[in-house]
Amino acid sequence: MKAIIHIGLKPGVLDPQGRTIARSLTHMGFEGVTKARQGKTIELDLSSDNAETAKLEVEKMCKQLLANTVIEDYQIEIVE
Amino acid sequence: MKAIIHIGLKPGVLDPQGRTIARSLTHMGFEGVTKARQGKTIELDLSSDNAETAKLEVEKMCKQLLANTVIEDYQIEIVE
Amino acid sequence: MKKVKITPEVVAEHGLSEKEYEIICDRLGRAPNITELGIFSVMWSEHCSYKSSRRHLKKMLTKGKRVIQGPGENAGVIDIDDGDAIVFKMESHNHPSYIEPFQGAATGVGGIMRDVFTMGARPIANLNALRFGEPSHPKTKSLVAGVVHGIGAYGNCVGVPTVGGETNFHRGYNDNILVNAMCVGLAKQDKVFYSAAKGVGNPIFYVGSKTGRDGIHGATMASAEFDDDSDAKRPTVQVGDPFTEKLLIEACMELMATDAIIAIQDMGAAGLTSSSIEMADKGGVGVKMNLDKVPQRETGMTPYEMMLSESQERMLMVLQPGKEHIAIEIFEKWDLDVAEVGITTDTGHLVLTHKSKTVCDIPIAPLGDDAPNLNRPYDPPKNLDTLYNDQIMDPVTRGTSYNDVVTTLITSPDIASKRWIWEQYDRSVMGDTVDSSNSGGDAAIVRIHGTNKAIAITTDCTPRYVTADAFEGGKQAVAETYRNLCSVGAEPIAITDCLNFGNPERKDVMGQFVRSIEGIDAACRALDYPVVSGNVSLYNETNGQAIPPTPAIGGVGLIKNLERYATLKGAKEGEHLVLLGKTDGWLGASLYAHLILGHAKSEAPLYAPPPVDLEAEKAAGTYVRRLIRDRRVSSVHDLSDGGLALAAIEMAFANGFGFKLKGSADVPLYAWLFGEDQGRYLVSVEENSLNPVISTARTLNIPAQKVGTIGGSRLIATGGFDLSLQDTHMEYESWLPDYMAD
Amino acid sequence: MQSAVIVFPASNCDRDAATALEKITGRKPLMVWHEETTLPKVDFVVIPGGFSYGDYLRSGAIAARSPIVRDIVKKAGNGLPVAGFCNGFQILTEAGLLPGALMRNKGLRFVCRPQKLQIVNGDTMFTKAYKGITEVTYPIAHFDGNYYADNDTLRELRKTGRIVFKYIDNPNGSLNDIAGICNEAGNVLGMMPHPERAVDPLICDSGRGGTDGIALFKSVLEAVR
Ligand SMILES: Nc1ncnc2c1ncn2[C@@H]1O[C@H](COP(=O)(O)OP(=O)(O)O)[C@@H](O)[C@H]1O
Ligand SMILES: [Mg+2]
């Protein structure tokens with residue numbers, strides 16, 4: 001079983017990376033980009049085969065290590 | 001329209017971040033994690049309203065800037 | 001916009017007392033609206049108004065022959081000859097770093113650099129003074145990792161070398177770490193910029209990043225005690241953007257080279273509020289701003305939010321009318337936001353408009369003049385007993401070998417190498433770092449670009465001593481910086497301070513605070529070594545437990561000629577070790593007492609710390625500088641934690657040679673080796689300098705004696721320890737990396 | 001020799017590079033802003049270290065797409081000597097002038113220390129003046145210095161003598177201990193260590209003095225003469 005965790009900055013938190021990416025895309029001539037945000041994904045291979053308990057476990061991992069909940073939000077996706 | 005770009009290291013490229021994440025999770029007592037990989041996502045707000053052309057455009061952005069194809073693979077997802 | 005009713009609860013939430021609220025109503029002749037209340041609350045917070053500390057800070061020596069600007073501006077300014085000036089300051093970012101170590105520490109570095117370049121000085125060196133909880137505390141490791149990463153990430157990116165600092169671990173900081181950052185900048189004396197907004201009708205410009213909802217209430221938060229709900233207050237943490245800071249430095253430097261600026265002020269705590277009010281107050285003018293013009297990152301921001309936001313990397317300037325285009329051009333070139341947001345007026349009021357309505361109209365003077373200036377009651381700490389050496393047994397009698405003593409000390413968290421930390425800091429960027437943490441040196445040495453002179457910089461404080469005796473501890477912190485500067489051959493010029501204490505509403509804490517300041521001041525006066533800038537951080541406590549009193553001192557000195565300086569390195573095989581200064585073998589509050597005699601276990605301090613004889617301090621320092629100037633010594637190290645033994649060992653690590661120390665007839669060996677008597681230096685000298693160095697010292701009434709020789713690969717104290725240099729060095733280097741590697 | 005130093009937003013070793021070049025070549029380099037579309041006529045270009053564009057997205061990625069780099073790529077193709085130090089190396093790989101990529105250090109920490117290096121190829125236009133010296137020390141200061149290339153590329157680099165510098169005691173996990181490489185024609189060098197910070201006996205972070213970088217610049221000076 002796999003878990004994919006999407007981590008992004010909370011709304012309102014300054015995202016200098018995203019801003020810089022959007023700006024350079026515009027500079028390079030990609031006109032249609034109005035905003036960019038950068039986030040990260042963490043993909044975990046899990047030995048568990050119960051999606052329910054896996055999700056709870058990953059939830060804990062996010063809180064304790066993977067996400068910085070002071071400034072980041074996260075979403076967990078469990079894939080078989 | 002939005003584009004979400006998932007960027008990850010190519011298979012075979014050593015991922016020290018992923019490895020460290022897996023190791024710390026294990027240390028913290030999360031036994032079931034056999035492997036971890038870290039990737040990034042870039043979310044773009046696009047002014048275009050044609051999914052087809054948007055995808056082509058984003059494809060170009062990836063090749064020209066967003067991904068380093070020496071070490072990275074990418075996937076594009078277009079969301080309305 | 002919804003109108004917020006000002007209830008007693010709202011007033012209390014803003015940290016204002018009933019009496020303070022009454023004063024506000026009285027000055028306004030009406031009740032304030034929420035924006036005005038917010039403005040008063042941040043301006044009268046501990047952080048901005050120094051209400052508990054002001055009257056005590058006033059006592060300090062702030063003038064000297066090299067002082068160009070003392071406290072009161074963004075940073076202090078000193079004269080280092082040839083029209084050059086050094087601008088420096090130290091500041092705390094304790095609470096934010098505890099909540100979010102990476103961003104908290106990073107924005108701390110960003111903030112202190114802005115304080116320096118806002119005065120026209122290009123930052124040339126950063127230092128950091130860090131105090132963490134005990135290593136076994138579950139949070140400590142991740143706090144160390146996050147803080148160090150944050151400091152490095154910011155300073156490295158901006159391209160300013162981080163050249164030194166200090167790091168302590170103690171359970172007293174378990175829930176309240178200290179992150180003090182110091183920045184030193186270089187300016188031309190005739191190009192120093194100040195914050196007084198002189199003149200009426202001059203345009204006010206906002207430059208840098210856009211304003212978001214970051215850190216609203218950071219200033220009041222920094223002044224409020226933590227409790228278990230602190231997690232709920234989390235979203236107030238700001239995110240730093242060192243890339244923008246770097247652009248801001250370059251843009252400001254470019255603009256400062258023109259004559260367009262009348263006044264300039266960075267937006268630090270309380271952002272737009274404190275920057276605009278301070279500029280107006282100092283210039284004796286009023287300010288009118290249109291908040292619609294403020295560059296905003298988010299939609300729907302209220303005036304309250306804009307005025308209290310602590311978004312980073314922003315500055316406010318008053319420009320010469322007619323020169324606006326110069327600024328606009330430069331900031332646009334650097335891709336930064338730039339907007340004319342207001343004008344100086346003759347009303348003496350701060351007037352804000354938003355969506356064509358006046359949302360604030362308050363007289364500026366009361367914000368400063370009527371700011372609370374409290375005379376908090378305090379209990380001076382009582383004096384502790386002296387620990388006499390005949391009360392102590394020899395370690396061997398107590399069942400510990402001298403070898404074990406050394407190993408315990410050398411691998412203790414405060415002493416063990418901090419390489420794991422400072423290797424994450426770019427120390428060599430800018431190409432002028434002569435000496436940094438890399439040599440374990442007493443003070444970092446940074447050359448003034450393109451010249452043959454340099455400044456020496458150090459930060460010091462021994463909280464162990466301050467806890468035991470706030471007055472002596474305050475003195476000692478200043479004296480140690482003085483000693484560290486002298487050790488490299490620099491003439492000590494001035495200090496900055498960062499006074500970290502607990503809750504000033506407690507009499508014992510306030511007593512520590514007052515006595516520390518008195519101690520600092522006594523040292524400054526005796527050493528002719530004034531305070532030119534500083535910062536006070538109070539309420540460092542959690543659930544009623546105050547941190548150890550920690551007045552961190554940053555010292556700056558001048559090396560006039562880089563052909564004549566010293567470091568720990570340079571000693572040669574066969575040279576002699578000479579000890580300068582008086583040794584009685586003082587063990588009270590020493591590292592030895594704490595770790596070997598077990599005094600660290602005691603909740604309350606047990607014995608008095610070593611007193612500092614300031615006259616002797618000055619004499620010894622002056623003599624050491626002279627020895628360095630006359631090339632009489634090949635390496636120098638001051639004696640501090642762990643006394644003679646650790647000083648000799650640290651020198652051995654730097655030089656790669658062992659030594660043989662002998663004992664003394666007058667002092668028991670353990671006290672001789674590990675006593676922490678103040679005002680002492682260990683120097684290495686060649687054979688033919690030995691007698692002159694000692695005899696000249698004696699004519700100056702400075703105790704001096706040969707204590708050993710350099711050479712071999714063992715660390716030997718006759719009748720005491722005998723250790724392998726290499727193994728001991730390895731143990732010294734491994735503690736922190738082993739700890740961090742989980 | 002007239003040299004040029006390219007300045008990107010948040011370059012921070014541009015002054016260090018300029019100081020070294022002036023000291024060794026006797027002539028002030030031209031400082032060229034990233035928005036310029038054509039290089040002035042120069043004999044040697046240095047892409048300095050720093051955190052161009054904050055190193056956001058990837059180190060060197062955004063800088064590599066700037067107008068000036070396009071012109072540098074063209075002129076390097078015609079034989080113009082170009083050296084990239086630290087962030088400059090990252091930019092050169094991102095721009096495709098050098099193969100491979102620089103990834104996050106294996107230890108996941110920024111590392112700054114005086115670093116011992118082996119000069120693997122002393123016969124390039126950047127190393128000739130070392131005259132047989134094979135071990136030097138330069139400061140390193142980077143977070144993303146972990147060199148990666150696929151096996152074919154690595155083999156090719158080895159076979160053609162294009163590995164110029166190797167780490168002694170690899171600080172970042174670089175494959176084959178690679179610290180610096182050059183292009184096929186030998187006129188483009190990229191390296192993570194900072195030779196420009198090792199040109200002054202007084203200055204090398206701890207007073208031990210560092211002048212090992214001088215010969216690198218001398219080599220170029222002699223080569224273009
Ligand atoms: N946080 C830090 N950042 C940079 N350098 C540090 C830090 N902590 C300690 N150091 C360095 O480690 C060395 C030893 O520190 P310390 O024991 O406090 O020195 P001293 O007792 O001589 O003042 C010094 O060179 C100091 O600059
Ligand atoms: Mg110290």
Side-chain angles (χ1 to χ4, degrees), chain C residues 122 145 148-149 152-153 156-163 241-247 249-250 333-336 419-420 422-441 444-447 449-450 452 454 488 562-563 565-570 654 737 740-741, chain D residues 7-20 22-23 33-35 48-57 59 62 85-87 105 107-115 138-143 171 193-210 213:
Chain C
R122 177 175 287 278
V148 171
H149 188 190
N156 298 347
C157 179
V158 173
V160 175
T162 301
V163 296
D241 178 5
F243 172 51
T244 298
E245 177 106 337
K246 169 69 174 166
L247 304 186
I249 294 180
E250 298 307 329
K333 170 189 158 193
W334 288 99
D335 226 346
L336 294 163
R419 180 182 298 274
W420 189 92
W422 49 253
E423 274 202 346
Q424 297 187 54
Y425 302 152
D426 191 339
R427 303 178 308 281
S428 50
V429 65
M430 294 187 95
D432 286 307
T433 305
V434 176
D435 199 41
S436 75
S437 317
N438 200 18
S439 72
I445 305 175
V446 177
R447 180 173 62 185
H449 194 66
N452 196 35
V488 299
L562 264 177
E563 260 119 56
Y565 74 96
T567 67
L568 256 63
K569 278 172 137 53
M740 294 308 295
Chain D
V7 184
F8 299 96
S11 288
N12 64 31
C13 305
D14 43 339
R15 192 185 80 178
D16 302 1
T19 307
E22 184 178 355
K23 182 172 172 142
W33 184 238
H34 68 121
E35 280 176 344
F51 284 71
S52 54
Y53 295 93
D55 270 358
Y56 296 150
L57 188 61
S59 304
I62 297 177
F85 306 132
C86 201
N87 197 221
N105 293 348
L108 301 182
R109 286 194 301 278
F110 188 97
V111 54
C112 174
R113 61 168 76 132
Q115 175 68 44
Y138 305 146
I140 55 169
H142 60 250
F143 213 147
H194 287 278
E196 83 282 13
R197 294 190 198 171
V199 297
D200 190 323
L202 260 182
I203 305 299
C204 183
D205 185 24
S206 80
R208 77 185 60 178

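Interface check for chain D: of the options Arg419(C), Lys333(C), Glu245(C), the most heavy-atom pairs under 4.5 Å are formed by Lys333(C). Looking only at heavy-atom pairs under 4.5 Å with chain D, the residue among Lys246(C), Glu250(C), His449(C) that has the most is His449(C). Options Asp241(C), Ile445(C), Leu562(C) differ in how many heavy-atom pairs under 4.5 Å they form with chain D, and the most are formed by Asp241(C).
For Val158(C), the part lying near chain D is the backbone, with the side chain staying farther off; criterion is any non-hydrogen pair under 4.5 Å. In this structure, no portion of Asp335(C) lies under 4.5 Å from any heavy atom of chain D. For Pro9(D), the parts lying under 4.5 angstrom from a heavy atom of chain C are both the backbone and the side chain. When heavy atoms are compared at a cutoff of 4.5 Å, Arg447(C) approaches chain D solely by way of its side chain, counted from C-beta outward. Heavy atoms closer than 4.5 Å to chain D are found in the side chain of Leu247(C), but not in its backbone. Within the 4.5 angstrom heavy-atom criterion, only side-chain atoms of Phe143(D), from C-beta onward, approach chain C.
Side-chain N or O atoms of Arg15(D) include one that pairs as donor or acceptor with a backbone N or O of Met430(C) at under 3.5 Å. No side-chain donor-acceptor contact under 3.5 Å links Asn156(C) to the backbone of His142(D).
When every heavy atom of Gly54(D) is checked against every heavy atom of Cys157(C), the shortest pair comes out as CA-SG, 4.1 Å. Nearest heavy-atom pair across Phe243(C) and Tyr53(D) is CE1-CA, 3.2 Å.
Atoms CD and OG, from Glu196(D) and Ser428(C) in turn, are 8.5 Å apart once rounded to the nearest 0.5 Å.
Results of the side-chain contact (heavy atoms from CB on, under 4.5 Å) test with Cys112(D) over Val429(C), Thr162(C), Asp426(C), Asn438(C) single out Asp426(C) as the only residue that passes.
A perpendicular orientation is assigned to the rings of Trp334(C) and Trp33(D), their planes being inclined by more than 60° (bins at 30° and 60°).
Arg109(D) and His149(C) share no side-chain donor-acceptor pair at under 3.5 Å.
A salt bridge is absent between Asp432(C) and Arg197(D): the closest approach of a Lys/Arg side-chain nitrogen to an acidic carboxylate oxygen does not fall below 4.0 angstrom.
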